[in-house]
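Below is one structure, written out as structure tokens; comments come after it.
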Protein chains: 2
Amino acid sequence: MSVDRTQVLHAAAALLTRKATATMDEVARAAGIGRATLHRHFAGRDALVRALEELGLQEMEGALDRAALDDGPEDEALRRLVAEVEHVAPLLSFLVTENQLFEGDQQHVGWARIDARVSALFRSGQESGAFRIDLTPAWLTEAFYGLVGSGAWAVQDGRVAAKDFQYMIAELLLGGARRSVEK
Amino acid sequence: MSVDRTQVLHAAAALLTRKATATMDEVARAAGIGRATLHRHFAGRDALVRALEELGLQEMEGALDRAALDDGPEDEALRRLVAEVEHVAPLLSFLVTENQLFEGDQQHVGWARIDARVSALFRSGQESGAFRIDLTPAWLTEAFYGLVGSGAWAVQDGRVAAKDFQYMIAELLLGGARRSVEK
DNA sequence: ATCGAATGAGACATTGATGTCTCATTCGGT
DNA sequence: ACCGAATGAGACATCAATGTCTCATTCGAT
């Protein structure tokens, strides 16, 4: 009977990522609850968005922790990160898209931290020789977000099988589309 | 004095991609015109979105034509496509994001055509041996959209230099982040 | 089975965006 | 320099979403 706040937020993220103009009523329906109940849990649209931010940042931090980015080769760390990020993907996608994240003109502090951690992985990989150095960490970070979002979208839309999510993203991000001559 | 319809639509796309909930007034300001004028050219928000769809599809078709995807090696064709797509990026990003493109439950016919053309490039590349075959054309297509969107966003936000747009996208999409052992 | 808490559905007032209109001003062509 | 067309600014009515409320119902715990 009691509403699962986290589940509601995940459903909201999935919907709002694809249709940012969705009504509070649509969000409620997507989460399988009534509009009144949605309002009981989140004072309004702003409160909902802020809750999404908070949960997204929190789950993303958790994913980064579990991926243990400092352990072992960076390409393997990246694969672990992709795996951990899978179920946070809609939420992450919402955070990246939704630029309500910007308070005024400066970036959200919590988001800056996420950004720094992902970016550090790429930088570390460049220093160790695992990653190429002609693509900036900032771009690789941005590309990572973009591919995770595209992957989540492709899966949700049935264009990619859910089981292939991690492989498709990690392989493209690491190896690209070109067929390697080596091997 | 006269409003440049295309310029207005590009400005609208750039704004709406980042902030889908933007007001008609905000769109007008972003395009540097008054709200009344915006309404004179586009009957309403729906009309504006439909005009964005139309222009986006049209410019995307043009980019695909100019890229001459059937000529020469597929990786070079992809580079040409990235180059041609650069100035359409915000519009493309809007089209990919905005799922008003779906009329009811089926995909927009114009969009399906774009999708087919991009997808065909990847399939052709797989058949010729230029691209790897363990990543589906559907996914490569989706990834292409995602990276173009991320690139446009990164440039607009100052995280990537505009002059690096084509290189960053093409290199990541073709070669990935991993440092090649060969060469 | 009972009771209390939470929910869903709907009514309602409020708010903000929208769409239309007018009018003064500016721009472009002649 | 003149005239017509287009624009910007603002006023205004309308409409849709929002936020609040009530009440019957359902769920879960005891």
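Sequence lines set the chain letters: A, B, ... in the order given, protein chains first and strands last, and positions in each chain run from 1. Worth knowing before you read on, the calculation uses all heavy atoms, side chains too, and leaves out hydrogens, waters and symmetry mates.
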(message) Run the side chain to side chain donor-acceptor pair (under 3.5 Å) test against Gln126(A) and tell me which residues pass, sequence neighbours left out.
(response) none
(request) Please report, rounded to the nearest Å, how far the P atom of dA13(C) is from the NE2 atom of His39(A). (result) 17 Å
(message) Less than 4.5 Å apart, side chain to side chain, heavy atoms only: is that true for Leu38(A) and Met24(A)?
(response) yes
(request) Take the protein atom CG of Leu38(A) and the nucleotide atom P of dA6(C), then report the distance between them rounded to whole Å. (result) 17 Å
(message) Based on the rotation axes of five pairs at each end, what angle does the helix from dA1(C)-dT30(D) to dT30(C)-dA1(D) bend through, to 10°?
(response) 50°
(request) Would you please confirm or rule out a distance under 4.0 Å between OP1 or OP2 of dA6(D) and any side-chain N or O of His41(B)? (result) no
(message) What is the distance, to the nearest angstrom, from the CZ atom on Arg45(A) to the P atom on dG16(C)?
(response) 15 Å
(message) Can you tell me whether the side chain of Arg40(B) and the base of dG19(C) have a donor-acceptor pair closer than 3.5 Å?
(response) no
(message) Expressed as a whole number of angstroms, how long is the span from Leu48(A):CG to dA17(D):C1'?
(response) 14 Å
(message) Can you tell me how far apart CD (Glu76(A)) and CG (Asp71(A)) are? Round to the nearest 0.5 Å.
(response) 10.5 Å
(request) Please state how far atom CZ in Phe42(A) lies from atom P in dT18(D), giving the value in whole angstrom units. (result) 15 Å
(message) Applying ring-ring contact (aromatic ring centres under 6.0 Å, His included), can you list everything that pairs with Tyr145(A), at least two apart in sequence or on another chain?
(response) Trp111(A)
(request) Round to a whole Å and report the spacing from CG of Asp4(A) to C1' of dT7(C). (result) 15 Å
(message) Tell me the interatomic distance from Asp46(B), atom CG, to dT18(C), atom P, rounded to whole angstroms.
(response) 11 Å
(message) Please check this pair: side chain of Thr23(B) against backbone of Glu26(B), looking for a donor-acceptor N/O pair closer than 3.5 Å.
(response) no
(message) Once ring-ring contact (aromatic ring centres under 6.0 Å, His included) is applied, do any residues pair with Phe122(A), and if so which ones, sequence neighbours excluded?
(response) Phe131(A)
(request) Kindly give the heavy-atom pair with the smallest separation between Gly129(B) and Arg179(A), and that separation in Å. (result) O-CD, 3.4 Å
(request) Could you tell me whether Asp65(B) and Arg117(B) make a salt bridge, using a distance below 4.0 angstrom between a side-chain N and a carboxylate O? (result) yes
(message) Counting only heavy atoms and a strict 4.0 angstrom limit, can you tell me which residues of residues 30-37 of chain B come near DNA chain D?
(response) Gly32(B), Ile33(B), Gly34(B), Arg35(B), Ala36(B), Thr37(B)
(request) Report the distance from atom CD of Gln7(A) to atom C1' of dT7(C), rounded to the nearest whole Å. (result) 14 Å
For a quick test of your reading: what N or O donor-acceptor pairs under 3.5 Å do the side chains of residues 83-95 of chain B make, sequence neighbours left out?
| residue | atom | partner | partner atom | Å |
| --- | --- | --- | --- | --- |
| Glu84(B) | OE1 | Arg66(B) | NE | 2.8 |
| Glu86(B) | OE1 | Gln166(B) | NE2 | 2.8 |

(message) Quick check on dA9(C): is either OP1 or OP2 less than 4.0 Å from any side-chain nitrogen or oxygen of Arg29(A)?
(response) yes
